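Counting starts at 1 for both ligands and their atoms, following the listed order. In this text the structure is predicted, and so the values were computed from the model without any measurement.
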Amino acid sequence: MRVFKFGGASVKDAEGIKNVYDVLQKVGYEDVLLVVSAMGKTTNALEVVIKNYFDKSAELQSSVQEVKKYHNQILLDLFEDDKNDVFQAVKLHFSDLDYFLGHNKSPNYNFVYDQIVSYGELISTTILSHFMNFMGIKTQWIDVRNFIKTDANYRDAEVNWELTQKNISKNVKRKILNITQGFLGSDENNFTTTLGREGSDYTAAIFAYCLNAESVTIWKDVPGVMNADPRYFENASLLNQISYREAIELAFYGATVIHPKTLQPLQKKEIPLYVKSFINPLLKGTSVSKGATLEPFLPCFIVKKNQLLISLSSIDFSFIMEDNISEIFSLFSEYKLKVNLIQNSAISFSVCVEDKFDNFKELNTVLSKKFKVDFTENVTLFTIRHFNDKAAEMVEKGKTVLLKQVSTETMQIVTRDN
Ligand code: ADP
Ligand code: ASP
Ligand code: MG
């Protein structure tokens, strides 16, 4: 069996959905399982709904309306008349959402988040599945929540592999085009959970692992994995092949083209991963497999913007030792700051972190009681795998370098724009 993942960008409008059909015509669809994300930026739009819901904002209804309108337009563009069953099926999902918004009593933000955000994927797969049937491809729509079981850690749920494996081996039909939702799962009480933003790649890997799939292909708006994000680097080149290890490193340092959790299950069973263009599906793209040498061998660049560089030094010139460091780290973890780089000297300790939840201000008051705290906001962290002088020069040009760290394979540079 082959597992394909189509992300939000590939199904952002009617053209995109028609293109998925064309891709399937070109590469075959028998014995395939499709994992599909919410359409375009729907997850972000549903996050606005969630915010309005908790803020008891007057905008709640209009934000829901926007999501409805967006999908409705896609339906009208795809189907000749509104007699197709899909209109009813999508309407049903939206009335479930309305019902939830009207009746929910849980104050648990993360729980509510997952219940609401899941409609993005439920609706996209409903539309896609009906469209394939409309075009003559028979499909099996499956509710992923009956397959991927997780704990109840809403918004970042952990997979229960044993149960998931059982469900998938027993109930996924072969020899048919299966269509299911990325990103979602369900807990012991059958409430919806999610696997973390951008988690649909991971869903594809979970199915591939449990099905002993022949391969996973993630279809992207880029030709494959490149040696840099083409949005930021004009001369980015396609990497024809990379090893699982290289892919894990790139994803870990922040190359958003593959979700970091995706690689581990694939690598365990040596299932090859292909990253290909949904615009040119017959091109080879990137192949990720065991021990593959990086080809072509080029420096790879990863950019993380909006980072915070924090420097802590002891107030009385005492050393920063294991016990301070462990205390500092547990504070970072408690305040949900993601540490992307660490450097320490005898009396100071610097970290480059991401403050996704805007917690630094509060943390700073705690840290300031024990340390002298200096920080610079809005810095950029560049990571160069397989660096050389030219690559470093290119990154540093026109910027102020605040910190630099070098290991055998990787150079990290924190910069501020001049
Ligand atoms: P999806 O539609 O599957 O969610 P994403 O938008 O998450 O797709 O991922 C594709 C994007 O990843 C590309 O448009 C590109 O800008 C970005 N990207 C970041 N790093 C890389 C890289 N090294 N190679 C290719 N694309 C990259
Ligand atoms: N729709 C989800 C998100 O935007 C999951 C995904 O696209 O992978 O985060
Ligand atoms: Mg994505």
Side-chain angles (χ1 to χ4, degrees), residues 4-13 16-17 19-20 23 34-48 50 67 113-114 116-125 128 144 148 155-157 180-185 192-206 216-240 242 246-262 273-279 285-286 288 294 296 298-305 356 382-386:
F4 291 171
K5 180 255 175 172
F6 283 92
S10 66
V11 291
K12 69 178 192 310
D13 51 23
I17 293 165
N19 183 61
V20 172
V23 171
L34 284 193
V35 172
V36 184
S37 303
M39 293 174 161
K41 304 268 180 236
T42 300
T43 307
N44 293 359
L46 288 166
E47 284 186 341
V48 174
I50 295 157
V67 180
Y113 179 102
D114 282 358
I116 294 179
V117 93
S118 58
Y119 286 97
E121 270 72 12
L122 290 170
I123 293 168
S124 69
T125 50
L128 206 79
V144 75
I148 296 184
R155 292 185 78 188
D156 195 18
T180 200
Q181 306 78 38
F183 181 47
L184 315 181
T192 305
T193 56
T194 63
L195 308 173
R197 283 298 310 257
E198 302 293 330
S200 296
D201 292 354
Y202 184 40
T203 307
I206 297 167
V216 172
T217 308
I218 51 183
W219 299 94
K220 294 275 173 181
D221 60 353
V222 283
V225 179
M226 308 180 80
N227 76 324
D229 186 339
R231 274 179 304 182
Y232 304 123
F233 286 75
E234 266 172 32
N235 301 316
S237 312
L238 175 67
L239 303 173
N240 299 315
I242 60 178
E246 188 64 43
I248 288 170
E249 296 277 353
L250 292 173
F252 170 80
Y253 286 114
T256 54
V257 66
I258 307 174
H259 188 279
K261 281 187 177 169
T262 311
L273 168 69
Y274 302 109
V275 182
K276 292 192 188 210
S277 157
F278 59 69
I279 302 152
T286 303
V288 184
L294 177 63
L298 291 172
C300 298
F301 300 85
I302 301 130
V303 188
K304 275 182 169 275
K305 300 198 166 198
K356 228 184 182 166
F382 287 90
T383 302
I384 318 174
R385 298 263 309 148
H386 317 292

Quick one: look up the protein heavy atom nearest [atom] and list residue, atom name and how far away it is.
atom	answer
atom 3 (C) of ligand 2	R197 NE, 3.3 Å
atom 11 (C) of ligand 1	D221 OD1, 4.0 Å
atom 27 (C) of ligand 1	V257 CB, 3.5 Å
atom 15 (C) of ligand 1	D229 OD1, 3.4 Å
atom 6 (C) of ligand 2	S200 OG, 3.3 Å
atom 25 (C) of ligand 1	G224 O, 3.4 Å
atom 24 (N) of ligand 1	M226 N, 2.9 Å
atom 2 (O) of ligand 1	A9 N, 3.2 Å

### Message
Whether the side chain of T125 engages the backbone of E121 through a donor-acceptor N/O pair (distance < 3.5 Å, no angle test) should be reported.
### Response
yes
*Could you please spell out the steps behind the side-chain contact (heavy atoms from CB on, under 4.5 Å) verdict for T256 and I302?*
CA-CA 9 Å; T256 54; I302 301 130; over 6 Å; no
Does any non-hydrogen side-chain atom of [Y] lie less than 4.5 Å from one of [X]?
X	Y	answer
D156	T194	no
K305	Y232	yes
C300	L250	yes
R155	D114	yes
V222	P230	yes

Provide the number and element of each atom of ligand 2 under 4.0 Å from a heavy atom of [X].
X	answer
F183	2 (C), 5 (C)
S37	6 (C), 7 (O), 8 (O)
T43	1 (N), 2 (C), 3 (C), 4 (O)

### F6 six-ring centre to K220 NZ/CZ under 6.0 Å and within 45° of normal
no
Examine [X] against ligand 1 and note whether any of their N/O atoms are separated by less than 3.5 Å.
X	result
A255	no
R231	yes
V222	no

For this session: Could you tell me whether D201 and ligand 2 have an N or O pair separated by under 3.5 Å?
Result: no
ask   = Looking at atom 6 (O) of ligand 1, is any protein heavy atom nearer than 4.0 Å to it?
value = no
> Does the gap between the ring centers of F301 and F233 come in under 6.0 Å?
Replying inline: yes
- Task: Check if H259 has a non-hydrogen atom at a distance under 4.0 Å from any atom of ligand 2.
- Result: no
Quiz prompt | Contact check, G8 vs ligand 2, heavy-atom distance below 4.0 Å | solution = no
Heavy-atom proximity to atom 8 (O) of ligand 1, picking from K220, K5, E198, points to K220
Taking a cutoff of less than 4.0 Å between a non-hydrogen atom of the residue and any ligand atom, is G8 in contact with ligand 1? yes
For G7, the ligand 1 atoms with a heavy-atom partner under 4.0 Å come out as 1 (P), 2 (O), 3 (O)
Query raised in the report: Is R197 paired with E47 through a side-chain N to carboxylate O contact shorter than 4.0 Å?
Result: yes
Taking 2.8 Å as the cut-off, does E198 contribute an N, O or S atom near the Mg ion (ligand 3), distance below it? yes
In terms of heavy-atom contacts, Y119 and L46 come closest through C-CD1, 4.4 Å
K12, NZ atom: more than 12 neighbouring heavy atoms under 6.0 Å: no
TODO: Describe, in one word, how the ring planes of H259 and Y202 are oriented to each other, choosing from parallel (under 30°), tilted (30 to 60°) and perpendicular (over 60°).
DONE: parallel
